[in-house]
> 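Please find one structure pasted underneath; my questions will follow.
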Protein chains: 2
Amino acid sequence: VIDPNPDLTFTGERFRVHYTLSGYGEDDARQVAAFICVEQTIEFPHELVPPGALHDLMVGQVETFTPQGDSRFGVVISYASEAAGMELPQFLNVVFGNVSFTPGVRVERFELPPRLAGAFRGPRFGRQGVHDLMAVYDRPLTCTALKPLGLSAGQMAEMAYRCALGGIDIIKDDHSLSDPPFCPFRERIPRCVEAVARANRQTGYRSLYFPSVGGRMEAFHQKVAFAREAGADGLMIMPAFSGLDTLRMVAEDDAVGLPLIFHPGFLGTYRRSGDFGLSPFVLHGQLSRLMGADITIFPHYHGRFAPPKVECQLALEGTSTPMQHVKANLPAPAGGVRAEHFEEMRDFYGWDAVFLMASNLHRHGPDLVESSRRIRAVAEGLVAGA
Amino acid sequence: VIDPNPDLTFTGERFRVHYTLSGYGEDDARQVAAFICVEQTIEFPHELVPPGALHDLMVGQVETFTPQGDSRFGVVISYASEAAGMELPQFLNVVFGNVSFTPGVRVERFELPPRLAGAFRGPRFGRQGVHDLMAVYDRPLTCTALKPLGLSAGQMAEMAYRCALGGIDIIKDDHSLSDPPFCPFRERIPRCVEAVARANRQTGYRSLYFPSVGGRMEAFHQKVAFAREAGADGLMIMPAFSGLDTLRMVAEDDAVGLPLIFHPGFLGTYRRSGDFGLSPFVLHGQLSRLMGADITIFPHYHGRFAPPKVECQLALEGTSTPMQHVKANLPAPAGGVRAEHFEEMRDFYGWDAVFLMASNLHRHGPDLVESSRRIRAVAEGLVAGA
């Protein structure tokens, strides 16, 4: 019924996606695997596609099918790189578009072959680049967030100044700080930039300021440009709202050229849904790197979200698993981190990480400069080999 | 410790979010409710915020707490409209940003007060507007998708022509059709527009063509403009990739002015994760309308995804639940729909709906014009009161 399309050619390159299917007997799981192969590609009655390239190459292929006990099956499916269209949206669409609605399908990891990987620049700075910016090569970086929502731009700048004076490495806007009338973006960013620069002149440190850029998309690109021109050292973006492909676009834009933080707000269901969704390895690791994020925030196993430790291990591994030329990025465990955790965190995540601590920084005492100094001192006590 | 911000004023207007907390005992559930109030707003140690407006009004407030049995609790939390910043991203951030990482938290619905609702235009056309475009007021609309991925632009146009000749009301690109070299966007759209217009001249019908606009965000706005200038009748957008706020931006753009279809690909984990995420009422209904979608696609309870019937009921209710001036939009159940289901679907969804049938249209037989005529005839047989 379907005639061949002469413009449809295949290089033969295929990428592999590792799924776990849960809650199925073996026969059903094999059917789900076959369903994924068709649904994620031609999404068309396979029997109506005549033999040939379209039938044989565009459709996904089950590479391995491995019972894992307890009604779980590991399935590796390969897809033609052509199906992914050499772009992030269609790549993610093939990996998990429609089957995000199929019960018990979880994406564990993916493998990128060279040609498809070539469609992505990946993190501009990556781990090494961020360390170069800070001139810090032997200890975890410290990070804090400006909050609470409700303060004025001047108050946020004063807070940024004090944190920088105490030596916090990275000072970012809280993700709730969009552009409210009581703390306008165009006032907040230059004031915080100036405050951190002033502190740096006093300390000799190189603290960085990362505003949160988001809000109404009509103004998004203007805000990115404004923040850059105002002297922001980097940007934090929430892909859930601004778009999974928007962070990538900003990361690859040479006119921006700043390091980026991926904030995972609103994306938790991809991760916390047990047998559904994306593994922490994919969400916080591989995907954040395809998007070009240099720093990827995720919940630490101690704290307000307290995911199982193994999930943090997966997130960590995803930040550095080989993906062709795509650089490793920096894991930034967060969400209730305390200074008492730093040593254990260094042992768990390694020194090449960012420890994000906000609420608990304020719990250290009323003097934010002194609290920040103590945090930095703890981090400096964790130098490699110490 | 925190001084008052003189620019922080509150109108007193608050919006309410209905959550279900699952898997908790009552004491823990109350703690989670209190946690949400702080985490979703100031995200700061509450005890360090001095009494006053910030402490009393910015933080969420538990309005009701209702045991529902089986370790489940219904909790209604109100937030100041000011916390939502009069924009979709920050509104969603308050509703479910960080707590998307908290186990057992599900958003069931939200209530929009007038001032906050005023930040949203909602669907430009809505149910009535789409019916006006079609001049069809008494039966479900039929819809199909151009596929499989792999065909050329010419083949897609020929398929669109045949479907329109048979009288399918809405012909859309499959969501996998981004901009592949074998079926380029800038060739596909004008050819499909011409094909559907040619069929309309022959039939006297008003079939509409909705291209899928997505892909790399660098070209997104150019593609929207191109599709509009090429004569597309509407656009389909995938908010997961292009951004939850991007669909809204396109919907509110008078220079575009086209009806929009919300495709939920990659968003399934929000819905299918059981006790986590967003209810179908929110995801497919309320949220799709805040984004300005005129037609909202979701999986029908018969077919390839087969969610529980109650979930389709919730999605349906969300498309028309009162939200101030925000118009109702059209539910478009999909994913394995068959013509034999139409009558039952009319009974379930009402006549004011779009029945999306793609794969099974091709299973009706080799003559796509004839198959499309039969589909239209079935829909025409379902006129209100028939």
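Every chain is numbered from 1, with letters handed out A, B, ... down the list of sequences.
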> Under a 4.5 Å heavy-atom cutoff, which of A:A84, A:A358, A:A240 has the most pairs with chain B?
A:A240

> Quick one: what part of B:E218 sits under 4.5 Å from any heavy atom of chain A, side chain, backbone, both or neither?
both

> When B:F35 is tested against each of B:D28, B:V105, B:T102 for side-chain contact (heavy atoms from CB on, under 4.5 Å), which residue passes?
B:T102

> Given heavy-atom pairs under 4.5 angstrom as the criterion, report whether the side chain, backbone, both or neither of A:E47 touches chain B.
side chain

> Testing the basics here: between B:P180 and B:R188, what is the closest heavy-atom pair and its distance to 0.1 Å?
CD-NH1, 4.4 Å

> Against chain B, work out which of A:G154, A:S178, A:G85 has the most heavy-atom pairs shorter than 4.5 Å and name it.
A:S178

> Which one wins on heavy-atom pair count under 4.5 Å against chain A: B:T246, B:L92, B:L54, B:T9?
B:L92

> Heavy-atom distances under 4.5 Å only: say whether A:R304 touches chain B with side chain, backbone, both or neither.
both

> With a 4.5 angstrom heavy-atom cut-off, could you sort out which part of A:D174 is near chain B: side chain, backbone, both or neither?
side chain

> If you count heavy-atom pairs under 4.5 Å with chain A, which of B:G243, B:P239, B:P45 comes out on top?
B:P45

> Do you know which of B:P6, B:G104, B:P4 has the most heavy-atom pairs under 4.5 Å to chain A?
B:P4

> Do you know which of A:F266, A:F298, A:F96 has the most heavy-atom pairs with chain B at a distance under 4.5 angstrom?
A:F266

> Highest number of heavy-atom pairs under 4.5 Å with chain B: which of A:N93, A:I42, A:D7?
A:N93

> Could you walk me through whether B:M236 and B:I297 pass the side-chain contact (heavy atoms from CB on, under 4.5 Å) test, one step at a time?
CA-CA 10 Å; B:M236 182 171 79; B:I297 296 174; 4.1 Å; yes

> Report the residues that fulfil ring pair (Phe, Tyr, Trp, His ring centres under 6.0 Å) with A:H263, sequence neighbours left out, ordered by chain and then residue number.
A:H175

> Establish, from distance only, whether the side-chain atoms of A:T11 and A:E82 form a donor-acceptor pair under 3.5 Å.
yes

> A:S176 versus chain B, heavy atoms under 4.5 Å apart: side chain, backbone, both or neither?
both

> What are the two closest heavy atoms between A:K223 and A:D179, and how far apart are they?
NZ-CB, 3.6 Å

> Quick one: what part of B:L88 sits under 4.5 Å from any heavy atom of chain A, side chain, backbone, both or neither?
neither

> Looking at chain A, which one of B:E39, B:Q40, B:M86, B:E252 has the largest number of heavy-atom pairs inside 4.5 Å, strictly under?
B:E39

> Out of A:G335, A:G265, A:G150, return the one with the most heavy atom pairs under 4.5 angstrom to chain B.
A:G150

> For chain A, find which of B:Q90, B:M58, B:R216 contributes the most heavy-atom pairs closer than 4.5 angstrom.
B:R216

> Evaluate side-chain contact (heavy atoms from CB on, under 4.5 Å) for B:K172 paired with B:T144, printing each intermediate quantity in order.
CA-CA 6 Å; B:K172 71 172 191 67; B:T144 196; over 6 Å; no

> When you measure from the side chain of B:S100 to the backbone of A:G268, do you find a donor-acceptor pair of N or O atoms at a distance under 3.5 Å?
yes

> Could you check whether A:D254 pairs with A:R121 (Lys NZ or Arg NE/NH1/NH2 to Asp/Glu carboxylate O, under 4.0 Å)?
yes

> Are the side chain of B:Q155 and the backbone of A:D3 linked by a donor-acceptor contact shorter than 3.5 Å?
yes

> Is A:M249 close to chain B through its backbone or its side chain, or both, or neither, when contacts mean heavy atoms under 4.5 Å?
both

> At a heavy-atom distance under 4.5 Å, which candidate from B:A53, B:G215, B:G214 has the highest pair count against chain A?
B:G215

> Check step by step if side-chain contact (heavy atoms from CB on, under 4.5 Å) holds for B:H364 and B:R338.
CA-CA 9 Å; B:H364 268 257; B:R338 297 203 301 265; over 6 Å; no

> Measure A:A119 against the heavy atoms of chain B and call it side chain, backbone, both or neither at under 4.5 Å.
backbone

> Just by modelled atom types, is the A:R106 backbone N or O under 3.5 Å from a matching donor or acceptor in the A:D275 side chain?
no

> Specify which of A:P264, A:C183, A:A145 makes the most heavy-atom pairs with chain B at under 4.5 Å.
A:P264

> How would you list, by chain and number, every residue that makes a ring pair (Phe, Tyr, Trp, His ring centres under 6.0 Å) with A:Y79, sequence neighbours excluded?
A:F15

> A:S242 versus chain B, heavy atoms under 4.5 Å apart: side chain, backbone, both or neither?
backbone

